[in-house]
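A note on names: the letters A, B, ... follow the listed sequences, proteins ahead of strands, and every chain is numbered from 1. Quick caveat, the model's predicted, so the values are computed rather than measured.
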2 protein chains.
Amino acid sequence: MALARQYAGGANGNRSLERGIEILRAFRPGVDTLGNGEIAERTGLPRSTVSRLTKTLVAFGMLDEVRTERTYRLAAAVLSLGHAVRMGSPVLKVLGPLMRAESTRRRLNVGLATADRAMMVYLESIRYNPRPTLRSIVAGQQVPMELTSLGRAYLAGLSDGERDRLLVKFRRRNAAATKTLIAEVQKSIRSVRRDGYCAVSWQPGVLAVATPIVIQGLPVYALNMSVQDIEPTEALGAEIGSYLVAFAARCKGALSGP
Amino acid sequence: MALARQYAGGANGNRSLERGIEILRAFRPGVDTLGNGEIAERTGLPRSTVSRLTKTLVAFGMLDEVRTERTYRLAAAVLSLGHAVRMGSPVLKVLGPLMRAESTRRRLNVGLATADRAMMVYLESIRYNPRPTLRSIVAGQQVPMELTSLGRAYLAGLSDGERDRLLVKFRRRNAAATKTLIAEVQKSIRSVRRDGYCAVSWQPGVLAVATPIVIQGLPVYALNMSVQDIEPTEALGAEIGSYLVAFAARCKGALSGP
DNA sequence: GAGTAAATTTCACTTAGTGGAAACGAGGGC
DNA sequence: GCCCTCGTTTCCACTAAGTGAAATTTACTC
């Protein structure tokens with residue numbers, strides 16, 4: 001889209017690489033396979049260019065060709081890069097075990113996320129379930145930043161400039177309900193400033209509470225705790241919030257420790 | 001390395017994109033952070049080129065800059081792409097639930113993998129543990145193709161040409177024990193042809209058994225089952241092998257069905 | 001605070017990437 | 001079964017975009 005004409009990127013940056021990445025990004029949950037045509041449409045790139053770039057991406061293991069339908073799919077190499085992200089994250093290395101213990105102790109979901117553009121990406125999401133067999137860990141899942149406690153806590157942890165740049169994106173994305181939405185976001189951010197956490201019930205029957213983790217020199221992270229199948233009340237939010245704030249303090253200690 | 005001089009890639013392919021991908025690939029478990037210098041060394045690319053490409057990768061969310069140490073780390077966007085791989089895999093969608101059930105039923109580990117270059121990448125690896133809390137699912141982990149049952153089963157599922165190309169790589173990688181190793185690999189492949197599975201004890205105390213899953217128009221996959229803390233005997237391999245072959249048959253049925 | 005090592009930007013060069021148009025190939029309808 | 005149409009890939013001349021050596025700036029050491 002924005003990439004289409006005249007290479008607006010401006011400064012210095014490698015156009016072909018940018019385009020290749022944008023092609024990879026066109027694949028996401030729900031968009032499993034794409035043909036060159038669809039890619040061209042979604043990215044705004046000329047068809048011949050897409051054809052060449054997908055060829056390179058296949059040759060280098062980032063895409064698999066589904067010959068029968070003349071279409072492409074993300075390849076296994078991408079998954080192993082994703083795994084490397086998790087293995088290489090010092091924050092996850094320290095917080096992972098703490099989060100698992102805390103999830104069991106408090107009997108609720110615990111998640112750690114950071115941002116990719118205007119989405120939050122779970123580095124780890126521990127789903128608590130009374131039946132141990134059904135507990136699970138998910139990573140890489142995306143949730144919208146402006147609608148979730150996780151995202152709003154993240155925003156609260158950013159510098160003013162970075163936050164403002166993102167707020168603009170939300171306006172574009174959610175053209176209709178903008179006014180209310182931005183007010184909601186601001187309210188959550190104030191809540192983080194005041195109480196250390198914000199509580200949001202994004203999905204019906206789920207109450208989520210989140211807090212930012214700011215570490216010098218690293219991206220901002222956000223921790224959350226959530227419970228399902230419960231009436232989301234102010235009091236419950238405050239209770240989980242107090243657990244979360246205490247937990248986050250321990251986390252920050254562990255991170256700055258050794 | 002191979003990329004260095006004169007763009008050996010030859011045919012048509014986008015050099016900058018190739019290089020960018022190769023930079024991403026330089027990060028893997030154990031290589032958490034890399035500076036531009038190290039990247040240049042590992043990839044054989046000129047330093048200025050690396051400098052520019054990493055800048056692009058940062059701008060497009062694939063790398064995070066660790067300013068304090070003038071170094072880079074894979075970013076969250078890569079993780080969410082990895083997640084998209086799993087969500088978009090029709091094979092995993094069908095086999096995932098079957099694998100989980102089978103792991104519980106047989107009380108052993110069940111894995112599904114495919115190849116990235118000369119490594120096998122787990123799409124899903126279900127680790128059975130008597131204590132339900134300690135069961136886990138891992139995805140994206142890599143294991144060497146030539147040393148594992150998974151990899152050898154995969155090789156058995158390939159066409160002759162593709163297999164030969166990989167065998168050459170093993171020779172390079174394992175210059176010393178080549179002769180014995182290749183013989184071992186061949187033996188495993190014959191075992192797959194004869195019995196439908198091959199058994200390998202790659203890590204001490206772990207017996208793994210694998211079988212290929214070949215589906216027209218898709219990459220070759222391999223299924224495995226494994227048990228820990230047990231004396232790896234021929235008889236045990238045969239027993240697990242029979243479970244695996246039966247399970248694989250069910251899997252193939254489920255895949256070709258609806 | 002000067003010296004050293006590394007990363008980044010500059011700059012002129014030219015190769016490598018581009019996109020329009022032509023060729024090719026796969027489905028679908030008649 | 002053949003022809004037509006739509007989508008994809010290849011070709012080709014053009015030139016802008018990417019390149020790498022050298023200069024500059026930046027960070028770190030003694």
Side-chain angles (χ1 to χ4, degrees), chain A residues 1-24 26-27 31 33-60 62-73 216-218, chain B residues 1-24 26-27 31 33-60 62-73 216-218:
Chain A
M1 288 193 164
L3 281 177
R5 305 285 147 197
Q6 80 194 359
Y7 192 26
N12 38 8
N14 188 299
R15 187 169 62 158
S16 314
L17 180 52
E18 292 179 355
R19 291 172 161 191
I21 294 172
E22 221 48 50
I23 288 176
L24 290 179
F27 294 85
V31 187
T33 61
L34 288 172
N36 280 335
E38 289 167 293
I39 296 174
E41 230 169 286
R42 282 163 196 264
T43 56
L45 298 172
R47 315 195 132 202
S48 49
T49 301
V50 171
S51 197
R52 265 175 280 124
L53 292 178
T54 51
K55 182 179 281 191
T56 302
L57 289 169
V58 169
F60 277 65
M62 309 305 279
L63 291 179
D64 280 335
E65 209 172 345
V66 187
R67 284 223 175 72
T68 54
E69 5 172 317
R70 309 202 122 226
T71 182
Y72 301 94
R73 166 176 282 137
Q216 182 58 17
L218 288 184
Chain B
M1 284 191 167
L3 281 176
R5 303 286 148 197
Q6 79 195 359
Y7 191 28
N12 37 9
N14 187 300
R15 186 168 64 157
S16 313
L17 179 52
E18 292 179 356
R19 290 171 162 192
I21 294 171
E22 220 48 51
I23 289 176
L24 289 179
F27 295 85
V31 187
T33 62
L34 288 171
N36 279 334
E38 290 167 291
I39 295 173
E41 231 169 283
R42 283 163 196 264
T43 56
L45 299 172
R47 306 183 143 223
S48 50
T49 300
V50 171
S51 199
R52 264 175 281 124
L53 292 177
T54 51
K55 181 178 281 191
T56 302
L57 289 169
V58 169
F60 277 64
M62 308 306 278
L63 292 180
D64 279 336
E65 209 172 344
V66 187
R67 283 226 174 70
T68 54
E69 7 172 314
R70 309 203 121 225
T71 184
Y72 300 94
R73 166 175 284 136
Q216 182 57 16
L218 289 184

Inset, instruction - Enter the distance from B/E18:CD to B/L45:CG here, rounded to the nearest 0.5 Å. - result: 10.5 Å

Legend entry - Short side-chain N/O contact from A/K55 to OP1 or OP2 of D/dT10, under 4.0 Å: yes

Inset, instruction - Compare side-chain N and O positions of B/S48 against OP1 and OP2 of C/dT8 and report whether any pair is under 4.0 Å apart. - result: no

Roughly, in whole Å, what's the span from [atom1] in [X] to [atom2] in [N]?
X	N	atom1	atom2	answer
A/E65	D/dT9	CD	P	7 Å
A/L17	C/dG17	CG	C1'	14 Å
A/R47	D/dT8	CZ	P	6 Å
A/E69	D/dT8	CD	P	12 Å
A/L45	D/dT9	CG	P	15 Å
A/E18	D/dA17	CD	P	11 Å
A/R15	C/dG17	CZ	C1'	7 Å
B/N14	C/dT18	CG	P	5 Å

Legend entry - Axis-to-axis angle between the two ends of the helix from C/dG1-D/dC30 to C/dC30-D/dG1 (five base pairs per end, rounded to 10 degrees): 50°

Hey, does the side-chain of [X] have a donor or acceptor N/O within less than 3.5 Å of a partner on the base of [N]?
X	N	answer
A/R52	C/dG19	yes
A/R19	C/dG17	no
A/T49	C/dG19	no

Legend entry - A/R19 vs B/N14 side-chain heavy atoms within contact, under 4.5 Å: no

Inset, instruction - Flag the pair A/L218 / B/T68 as yes when at least one side-chain heavy-atom distance between them is below 4.5 Å, and no otherwise. - result: no

Inset, instruction - Give one of base, sugar-phosphate or nothing for A/S16, where a contact means two heavy atoms less than 4.0 Å apart. - result: sugar-phosphate

Inset, instruction - Would you name the heavy atoms of B/A40 and B/R47 that are closest together and state the gap between them? - result: CB-CG, 4.0 Å

Legend entry - Atom of B/L57, atom of B/G20 and distance for their closest heavy-atom approach: CD1-O, 4.0 Å

Legend entry - Candidate list B/L34, B/T71, B/V58, test side-chain contact (heavy atoms from CB on, under 4.5 Å), partner B/L63, passing option: B/V58

Legend entry - A/I23 backbone acceptor or donor facing A/T43 side chain under 3.5 Å: no

Legend entry - Most 5' of A/R70 and B/Y72 on DNA chain C, judged by nearest nucleotide: B/Y72

